[in-house]
Amino acid sequence: MKKFPNISSIDPGSLDGLNHLGEYIINLQLLSGAIPSNQDGSHDPWDHLEAIMGLTTLGYKDQALKGFDWMIANQNEDGSWYNLYKDKDPLELNKQTNYASYIAVAAWHFYLLNNEIDFLQNFWEPVKKGILFSLSLQHENGAIAWNMDENAKIDEDYLLTGCSSIAKSLECAIAICQVLEHQSFESEWRGAHSKLLNALEKPAEIFDLKKDRSRFSMDWYYPILGGINSKERIASLIGRIQDSFWIKGLGIKCVEDEPWVTVAETSECSIAYKKIGEDKIALELLHNAIAVVDREGIPYMGWQFDENIYWPEEKPSWTSAACILAADANNQLTSAADLFMEKQFKP
C-alpha cells in the first residue's frame with residue numbers, strides 16, 4: 001500500500017492557510033447563489049449548505065448570504081427542498097428530511113460567527129418550515145423517515161446518518177428559538193429532539209429496516225456528531241471505526257469493503273474524535289484529509305489505496321468545506337469552532 005503524495009499546501013492552523021479553499025468554492029458559485037458540487041454542475045441542498053458554512057468560516061459573508069438566498073428562493077411550500085438541482089432547476093423530485101432541516105445548522109453557524117440577530121430573524125421562516133417538514137415524518141419511536149417521493153409517498157425507512165444530522169439540526173433550531181424567544185416551538189422541538197436522541201442511543205430494530213447501511217463509515221461517527229451522550233454507545237461506535245474504517249496513515253474509508261479513503265469522511269470523523277477528547281487522533285485524521293489534494297491544494301474526493309490513484313478525480317465544493325470545518329474544530333480558529341462539539345442550546 002503506497003501512501004499518497006504529500007503535496008498539501010493547506011495550513012489548517014490558520015484561516016489564511018485555508019483561504020484558497022474559500023476562493024475555490026466562490027469560483028464555483030453561480031449567479032443564483034447555487035454552489036455546484038458534482039462534475040455535471042448539479043448539487044443537493046446538503047452539499048450546498050456545507051459549502052456555505054465553509055465560506056462563512058472564512059469570512060466570505062456576501063457569498064454565503066447569496067447561498068442562503070438560493071435556499072429561500074428554492075424552498076418548497078411544505079418546507080422541503082428537492083433532492084438534486086442544476087442551478088435553479090430540480091433534477092430529482094424526491095425530498096429528504098435531513099436536507100430540509102440542515103438549514104438550521106448553517107443558519108446557527110452564521111450567527112455564531114457574525115452575531116447578527118437580524119439574520120436569524122430573516123431566516124426564521126425557512127428554518128421553521130424546514131424543521132417542521134422533517135418532524136412531520138417522525139415516528140413515535142423518535143426516528144424520522146428519510147425520504148418522501150415525488151408523489152408524496154413516505155419511505156418508511158430510517159437512516160442512522162440522516163437522523164443524526166437531523167438531531168444536530170434540531171439542536172441548532174432550538175438554540176435559534178432561544179435567541180428569538182420562540183418558546184412554543186422550543187418546547188415542541190425539545191420533545192422531538194429528546195425522542196430522536198433516544199432512538200440514536202438505542203437503535204436496535206429502529207434503523208435500516210429495508211437495507212443494511214452499516215458498511216458506511218458515516219453510520220459510525222455521525223451519531224457522535226449528532227449529539228448522543230451514552231459513553232457505552234460512543235465506545236461501541238469508535239471501536240467499529242477503528243476496526244473497520246480507519247486506515248492508519250491514510251484516513252477513514254467511505255465504505256468498509258472498498259480500498260478507498262475519502263476526504264469528507266476523514267474530516268468529519270476528525271471532528272468526532274475531537275469531540276470525545278481524542279485530540280491526537282483528531283489532528284492526525286485532519287492531516288490525512290488535507291494531504292489528498294491537487295498541486296494547488298484543492299482536495300480530491302478520495303484516494304484509492306490499492307491502485308494508488310486519486311479517485312474519482314473530482315474536487316467537490318463540500319469536500320473543501322469539510323476540511324475547513326475540521327480545521328476550525330481542531331484548531332479553534334473561529335467563534336463557531338465548537339459547533340459540532342458542544343450542545344448548542346441552553347438547558
Side-chain angles (χ1 to χ4, degrees), residues 12-13 15 18 21-22 25 45-61 64-65 67-68 71 98-99 101-117 119-120 123 127 130-131 161 163-180 189 193 196-197 200 218 221-229 234 264-279 282-283 285-286 289 318-347:
L15 294 179
L18 301 164
L21 301 180
I25 296 170
W46 190 92
D47 292 345
H48 175 82
L49 287 165
E50 188 85 344
I52 288 174
M53 291 168 68
L55 293 176
T56 307
T57 302
L58 296 177
Y60 288 107
K61 184 176 171 182
L65 288 171
F68 278 113
M71 292 295 295
N98 65 305
Y99 290 0
S101 60
Y102 204 69
I103 190 172
V105 178
W108 180 247
H109 178 254
F110 188 95
Y111 175 75
L112 289 176
L113 286 164
N114 295 287
N115 200 31
E116 295 177 6
I117 197 167
F119 169 84
L120 287 185
F123 281 86
V127 167
I131 292 290
T161 294
C163 282
S164 298
S165 177
I166 295 169
K168 192 66 188 183
S169 297
L170 273 169
E171 182 188 302
C172 293
I174 293 165
I176 293 170
C177 285
Q178 291 180 332
V179 172
L180 298 181
W189 293 353
H193 179 253
L196 179 54
L197 274 187
L200 294 168
M218 295 177 79
Y221 64 77
Y222 243 92
I224 298 171
L225 296 177
I228 65 167
N229 296 302
I234 290 171
E265 276 79 357
T266 303
S267 297
E268 292 166 350
C269 196
S270 168
I271 301 174
Y273 272 101
K274 180 73 174 178
K275 181 176 181 180
I276 64 171
E278 293 282 2
D279 292 9
L283 198 59
L285 289 175
L286 172 60
W318 54 271
T319 299
S320 286
C323 289
I324 295 167
L325 294 171
D328 191 16
N330 274 275
N331 295 312
Q332 299 286 295
L333 303 177
T334 75
S335 56
D338 289 336
L339 174 67
F340 291 103
M341 295 188 293
E342 302 287 345
K343 181 187 282 188
Q344 296 301 299
F345 62 82
K346 299 171 186 174

query: Within the distance-only criterion (no hydrogens, no angle test), does the side chain of Asn98 pair as donor or acceptor with the backbone N or O of Ile166 below 3.5 angstrom?
result: no

task: Could you pull out the closest heavy-atom pair between Met71 and Pro45, with the gap in Å?
output: CE-CB, 4.2 Å

- prompt: Of all heavy-atom pairs between Asp328 and Ala336, which one has the smallest distance, and what is that distance?
  reply: OD2-C, 3.9 Å

Heavy-atom side-chain contact between Trp108 and Val127 under 4.5 Å: no

query: Can you tell me how far the CG atom of Leu55 sits from the CD1 atom of Ile324, to the nearest 0.5 Å?
result: 7.0 Å

field: Within-4.5 Å side-chain heavy-atom neighbours: Pro12 and Asn331
entry: yes

- prompt: Which pair of non-hydrogen atoms, one from Glu342 and one from Lys168, has the smallest distance, and what is that distance?
  reply: O-NZ, 3.3 Å

message: With a 4.5 Å cut-off on side-chain heavy atoms, are Ser165 and Val105 touching?
response: no

query: Would a distance-only check, ignoring hydrogens and angles, find a side-chain to backbone donor-acceptor pair under 3.5 Å from Gln178 to Lys346?
result: yes

- request: Any chance you could measure Ser335, atom OG, to Asn114, atom CG, to the nearest 0.5 Å?
  value: 8.0 Å

- request: Taking all non-hydrogen atoms of both residues into account, name the closest pair between Ile131 and Ser101 and its distance.
  value: CD1-CB, 3.8 Å

query: About how many Å separate CG of Leu200 and CD1 of Ile228, when rounded to the nearest 0.5 Å?
result: 7.5 Å

field: Donor-acceptor side-chain pairing of Asp338 and Gln344 below 3.5 angstrom
entry: no

- prompt: Checking side chain to side chain contact (heavy atoms under 4.5 Å, CB included) against Leu49, which of Tyr99, Tyr102, Trp318 comes through?
  reply: Tyr102

task: For the pair Asn330 (side chain) and Lys274 (backbone), establish whether a donor and an acceptor sit closer than 3.5 Å, ignoring hydrogens and angles.
output: no

Point-to-point distance, once rounded to the nearest 0.5 Å, from CZ of Phe110 to CG of Leu120: 9.5 Å

field: Gly67 versus Ile52, closest heavy-atom pair with distance
entry: C-CD1, 3.3 Å

query: Is the shortest heavy-atom distance from the side chain of Tyr221 to the side chain of Glu268 under 4.5 Å?
result: yes

Partner set under ring-ring contact (aromatic ring centres under 6.0 Å, His included) for Phe123, not counting sequence neighbours: Phe68, Phe119

- request: Drop me the distance from Asn229's CG to Leu197's CG, to the nearest 0.5 angstrom.
  value: 6.5 Å

- prompt: When rounded to the nearest 0.5 angstrom, what is the spacing between OG in Ser267 and CG in Leu325?
  reply: 9.0 Å

- request: Mind listing the closest non-hydrogen atom pair of Met53 and Leu339 along with its distance?
  value: CE-CD2, 3.5 Å

